[in-house]
Enquirer: 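Structure in structure tokens, see below.
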Amino acid sequence: MSFRTVKKTDQWSQAATGNNKVKEEDPPNLSGLDAAEEAKHRIFISNLRDVSQEEIQKYLSKTGHVLDIVVKEKDGKRFGFVTFARANIARSLIEQSSFTVNGTIIRCYEYKPTSERFVKESKK
């Protein structure tokens with residue numbers, strides 16, 4: 001991994017607590033990671049029917065630096081994918097299993113790349 005070194009303090013945690021005394025730096029770049037490592041920075045979220053992408057961004061920015069949010073709709077159901085600068089933030093939300101935005105419970109799941117979601121077990 002080739003993340004940028006951050007000084008002794010974790011600026012992303014400080015941003016979540018409102019301590020803005022740390023100089024703003026660019027978030028870590030995930031472009032050098034393989035697909036499996038990059039997937040560790042991403043979560044799948046569901047139950048987004050009454051929540052906007054901006055509301056999700058605002059809430060999750062308090063937990064850690066959000067690199068990307070994609071919200072989609074299929075068969076009337078809204079879901080999304082969130083990529084964080086730090087894998088431990090994604091892991092923490094998965095362990096927590098949900099969070100609430102404006103009274104709506106958003107479910108969090110481990111992200112699985114498309115190739116892993118549709119793999120059929122071979123018959124023996």
Enquirer: Listed by chain and number, what are the side chain to side chain contact (heavy atoms under 4.5 Å, CB included) partners of Gln96, not counting sequence neighbours?
Expert: Leu93, Phe99

Enquirer: In chain order, what residues pass the side chain to side chain contact (heavy atoms under 4.5 Å, CB included) check against Ile94, with sequence neighbours excluded?
Expert: Ile43, Glu110

Enquirer: Supply the atom-to-atom distance Ile56 CD1 to Lys58 NZ, rounded to the nearest 0.5 angstrom.
Expert: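 One finds 13.5 Å between CD1 of Ile56 and NZ of Lys58.
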
Enquirer: Given the side-chain rings of Phe44 and Phe81, with only the six-membered ring counted for Trp, is the space between their centroids under 6.0 Å?
Expert: yes

Enquirer: Let's go through Phe84 and Val66 carefully: what are the C-alpha distance in whole Å and the side-chain angles of both, what is the deciding distance for side-chain contact (heavy atoms from CB on, under 4.5 Å) to 0.1 Å, and is it a yes or a no?
Expert: CA-CA 5 Å; Phe84 292 94; Val66 176; 3.8 Å; yes

Enquirer: side-chain hydrogen bond (donor to acceptor under 3.5 Å, both in side chains): which pairs involve residues 70-85, sequence neighbours left out?
Expert: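 Applying side-chain hydrogen bond (donor to acceptor under 3.5 Å, both in side chains) to every pair that reaches into residues 70-85, excluding sequence neighbours, yields Arg42-Thr83.
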
Enquirer: List the residues meeting side-chain hydrogen bond (donor to acceptor under 3.5 Å, both in side chains) with Arg49, not counting sequence neighbours, and say none if there are none.
Expert: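 In terms of side-chain hydrogen bond (donor to acceptor under 3.5 Å, both in side chains), with neighbours along the sequence ignored, Arg49 is linked to Asn47.
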
Enquirer: Are the side chain of Ser61 and the backbone N or O of Gln57 linked by a donor-acceptor pair below 3.5 Å?
Expert: yes

Enquirer: If you measure from OG on Ser46 to CD1 on Ile106, what distance do you get to the nearest 0.5 Å?
Expert: 8.0 Å

Enquirer: When rounded to the nearest 0.5 angstrom, what distance separates NE2 in His41 from CG in Asp68?
Expert: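 Those atoms lie 13.5 Å apart.
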
Enquirer: How long is the straight-line distance from CG of Leu60 back to CD1 of Ile89, given to the nearest 0.5 Å?
Expert: 10.0 Å

Enquirer: Write out all pairs satisfying side-chain hydrogen bond (donor to acceptor under 3.5 Å, both in side chains) with one or both partners inside residues 99-109, taking only residues at least two apart or from two chains.
Expert: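 Sorted pair list: Glu55-Asn102.
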
